[in-house]
*Asks:* 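I have a structure I would like to understand better, so I am pasting it below and will then ask my questions one at a time.
Naming convention: chains lettered A, B, ... in sequence-line order (proteins, then strands); numbering from 1 in each chain.
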Amino acid sequence: MPELPEVETIARGVNARVRGDRIVHAWFAAHNRLFKTPAAMQVKGLEGRVLLAVHRTGKHIVCELSKTPKGNLNGAADLQPDAQWIVHLGMTGRLLVTTPDAAVAAHTHARVQLESGKELRFVDPRRFGKLDFRDLGSGDAFNAAGSEPLLIAQDEFAALFRGRKLAIKAALLNQSLLSGVGNIYADESLFHAGIRPRREAGRLSRAELERLRAALKTVLEHAIQLGGSSVSDYVDAEGMRGFFQLEHCVYLRTGQPCRRCNTPIRRVIIAGRGTHFCPKCQR
DNA sequence: CATTTCACCTGGTGGC
DNA sequence: TGCCACCAGGTGAAAT
């Protein structure tokens with residue numbers, strides 16, 4: 001489910017609620033595929049540490065942790081993290097901040113209890129999500145492979161696609177080029193840039209690449225403002241749905257009239273993913 | 001190497 | 001009501 005705008009929304013919500021709080025207890029379900037780091041090691045690493053900050057990198061939620069001091073939020077702002085807890089939500093993952101007595105949803109795979117009484121819960125029916133723990137004393141900090149689409153400069157953006165024979169839609173989904181773009185925002189940004197998703201990435205003109213980067217940035221920023229897209233089950237850290245699905249021009253609108261020209265939206269498969277476009281507006 | 005396909009999961013929907 | 005095929009915000013391993 002969650003792409004850059006949804007993950008950003010969740011990370012901001014979690015950060016606002018748990019920053020400065022201390023983890024007193026962590027529990028994980030026994031689904032081995034969820035853990036890049038074994039569950040027992042994550043429990044050991046999380047318990048006792050303070051959540052300094054929670055932020056997004058690509059589609060990952062990164063919780064910065066510190067072993068040391070007690071309380072004092074002002075002090076926490078100056079602290080260097082000594083560990084990270086990294087959450088990837090896969091297709092259906094949720095990261096929720098709840099009260100301890102809130103009913104435990106089906107497919108809850110992690111419960112992290114905080115000193116304040118709040119709980120961080122990871123819920124993921126399809127179990128495509130991933131949980132990772134990094135001790136920064138003995139390993140490297142998390143780093144996304146691809147560039148941030150909101151920050152990348154135009155010349156660097158253009159260079160990502162140079163010489164590539166694959167479809168631009170497939171290239172946008174490749175997380176080692178850009179991190180954070182998924183199926184919704186790839187389709188929506190190609191629509192706003194007026195580019196057919198099957199176009200060969202390396203053959204886009206300079207003007208098209210400029211339109212594409214601008215469209216991607218505008219669409220992602222607008223989606224963040226509206227709290228992300230709730231197509232079926234996405235909700236933020238407080239369980240609230242987003243509103244950007246109301247702005248979708250092509251995604252999941254197969255057969256419906258294009259908002260700009262009324263031509264029916266078409267659906268094809270590219271890179272194994274449903275791909276939606278307007279055959280008239282996109283060339 | 002670059003690129004494509006498929007398996008990994010559960011749940012919802014629509015047709016018969 | 002059931003059964004089945006197909007679809008879904010992702011990604012890595014295996015195949016080409």
Side-chain angles (χ1 to χ4, degrees), chain A residues 1-11 29-36 56-61 86-95 105-109 122-132 142 144-146 149 159-190 197-203 216 219-220 222-224 226-237 240-255 265 267-276:
Chain A
M1 59 126 284
E3 306 180 32
L4 186 153
E6 292 76 31
V7 179
E8 177 70 29
T9 302
I10 292 168
H31 296 302
N32 288 331
R33 275 197 177 77
L34 289 175
F35 304 105
K36 295 188 86 166
R56 175 196 66 78
T57 300
K59 294 178 192 172
H60 298 262
I61 298 166
I86 299 135
V87 179
H88 190 289
L89 299 169
M91 286 274 251
T92 52
R94 297 178 174 194
L95 191 63
H107 309 292
T108 297
H109 304 124
F122 175 69
V123 182
D124 183 12
R126 288 176 77 176
R127 286 187 250 144
F128 288 171
K130 287 276 179 293
L131 302 177
D132 188 11
F142 176 78
L160 293 178
F161 305 110
R162 207 162 291 149
R164 297 194 177 269
K165 314 268 296 176
L166 79 175
I168 184 61
K169 162 73 183 259
L172 287 173
L173 294 178
N174 182 341
Q175 300 298 297
S176 61
L177 298 178
L178 289 170
S179 45
V181 182
N183 211 30
I184 295 177
Y185 300 101
D187 282 5
E188 291 299 314
S189 58
L190 285 169
R198 260 203 229 284
R199 289 279 304 284
E200 191 177 315
R203 295 225 167 145
L216 193 51
V219 164
L220 292 171
H222 190 190
I224 291 169
L226 295 189
S229 298
S230 291
V231 172
S232 61
D233 47 19
Y234 160 73
V235 291
D236 69 13
M240 302 298 287
R241 290 167 60 84
F243 292 94
F244 192 73
Q245 68 279 9
L246 303 173
E247 308 287 319
H248 291 176
C249 291
V250 289
Y251 181 74
L252 289 190
R253 294 193 68 244
T254 312
I265 299 304
R267 178 182 184 275
V268 296
I269 304 290
I270 298 176
R273 316 293 304 279
T275 298
H276 315 78

*Asks:* Please produce a list of atom pairs where a protein N or O lies less than 3.5 Å from an N or O of nucleotides 14-16 of chain C.
*Replies:*
none

*Asks:* By side chain to side chain contact (heavy atoms under 4.5 Å, CB included), which residues pair with A:Ala271, not counting sequence neighbours?
*Replies:* A:Ala170
*Asks:* Which residues satisfy the side-chain hydrogen bond (donor to acceptor under 3.5 Å, both in side chains) test with A:Tyr251, sequence neighbours excluded?
*Replies:* none
*Asks:* Which string of ( ) [ ] | and . matches DNA chain B, if you list each base 5' to 3' and count Watson-Crick or G-U pairs only when both distances are under 3.5 Å?
*Replies:* .|||||||.|||||||
*Asks:* Can you name the residues that form a salt bridge (Lys or Arg N to Asp or Glu O under 4.0 Å) with A:Lys169, not counting sequence neighbours?
*Replies:* A:Asp187
*Asks:* Residues in salt bridge (Lys or Arg N to Asp or Glu O under 4.0 Å) with A:Glu200, at least two apart?
*Replies:* A:Arg203
*Asks:* For A:Phe243, check ring pair (Phe, Tyr, Trp, His ring centres under 6.0 Å) against everything at least two apart and list the hits.
*Replies:* none
*Asks:* Just to be sure I understand the geometry, which residues of residues 164-182 of chain A put a non-hydrogen atom under 4.0 Å away from DNA chain C?
*Replies:* A:Gln175, A:Gly182
*Asks:* Does A:Arg253 have any salt bridge (Lys or Arg N to Asp or Glu O under 4.0 Å) partners at least two apart in sequence or in another chain, and if so, which?
*Replies:* none
*Asks:* Need two values: the first and the last nucleotide of DNA chain B, 5' to 3', having an atom under 4.0 Å from any heavy-atom of chain A.
*Replies:* B:dT3 to B:dG11
*Asks:* By ring pair (Phe, Tyr, Trp, His ring centres under 6.0 Å), which residues pair with A:Phe161, not counting sequence neighbours?
*Replies:* A:Phe157
*Asks:* Among residues at least two apart in sequence or on other chains, which ones pass salt bridge (Lys or Arg N to Asp or Glu O under 4.0 Å) with A:Glu188?
*Replies:* none
*Asks:* Please state whether the rings of A:Phe122 and A:His109 are parallel, tilted or perpendicular, taking 30° and 60° as the class boundaries.
*Replies:* tilted
*Asks:* Have a look at A:Lys59 and say if it touches a base, only the backbone sugar-phosphate, or nothing, with a 4.0 Å heavy-atom cut-off.
*Replies:* sugar-phosphate
